[in-house]
Amino acid sequence: MALILGLSGLAVLAVALVLFLRTQKEASAAGATTNRRGVLILTLLGLMLALSSQLPIFH
């Protein structure tokens, strides 16, 4: 179970990174087009999943 939580957390973090980098390239002079709230939520979700795999209950 810990392995599944860790890998799913890393996958969510990878998706957040790809979304962040893709929207950074599309930013125009008028302003950034990033969906900061979505990237922040995905980052926190990924960290929560990856770190919860280290809890003793899942070992």
Side-chain angles (χ1 to χ4, degrees):
M1 183 68 175
L3 183 64
I4 294 170
L5 282 174
L7 290 177
S8 62
L10 290 176
V12 171
L13 286 173
V15 169
L17 179 64
V18 167
L19 285 176
F20 177 73
L21 291 177
R22 182 176 293 168
T23 54
Q24 285 294 100
K25 289 181 182 178
E26 297 171 359
S28 64
T33 60
T34 59
N35 186 1
R36 292 181 182 160
R37 182 175 294 156
V39 172
L40 179 65
I41 289 171
L42 281 176
T43 303
L44 292 176
L45 178 67
L47 286 173
M48 185 180 68
L49 285 172
L51 292 175
S52 67
S53 69
Q54 298 301 311
L55 291 173
I57 195 169
F58 295 118
H59 286 273

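Only heavy atoms go into these numbers, but all of them, side chains included; no hydrogens, no water, no symmetry mates.
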By side-chain contact (heavy atoms from CB on, under 4.5 Å), which residues pair with [X], not counting sequence neighbours?
| X | answer |
| --- | --- |
| Leu55 | Ser52, Ile57, Phe58 |
| Val15 | Leu19, Leu42 |
| Leu45 | Val12, Met48, Leu49 |
| Leu47 | Leu13, Thr43 |

**Message:** Let me confirm one number: the CG-CG distance from Leu10 to Leu5, rounded to the nearest 0.5 Å.
**Reply:** 11.0 Å

**Item:** Cluster companions of Leu40 among Ile, Leu, Val, Met, Phe, Trp, Tyr (side-chain spacing under 4.5 Å)
**Value:** Leu44

**Prompt:** In the hydrophobic clustering (ILVMFWY, side-chain contacts below 4.5 Å, transitive), which residues join Leu3, or is it alone?
**Reply:** Leu7

**Message:** Looking at every heavy atom in both Ala2 and Ser53, which two are closest together, and how far apart are they?
**Reply:** O-CB, 3.2 Å

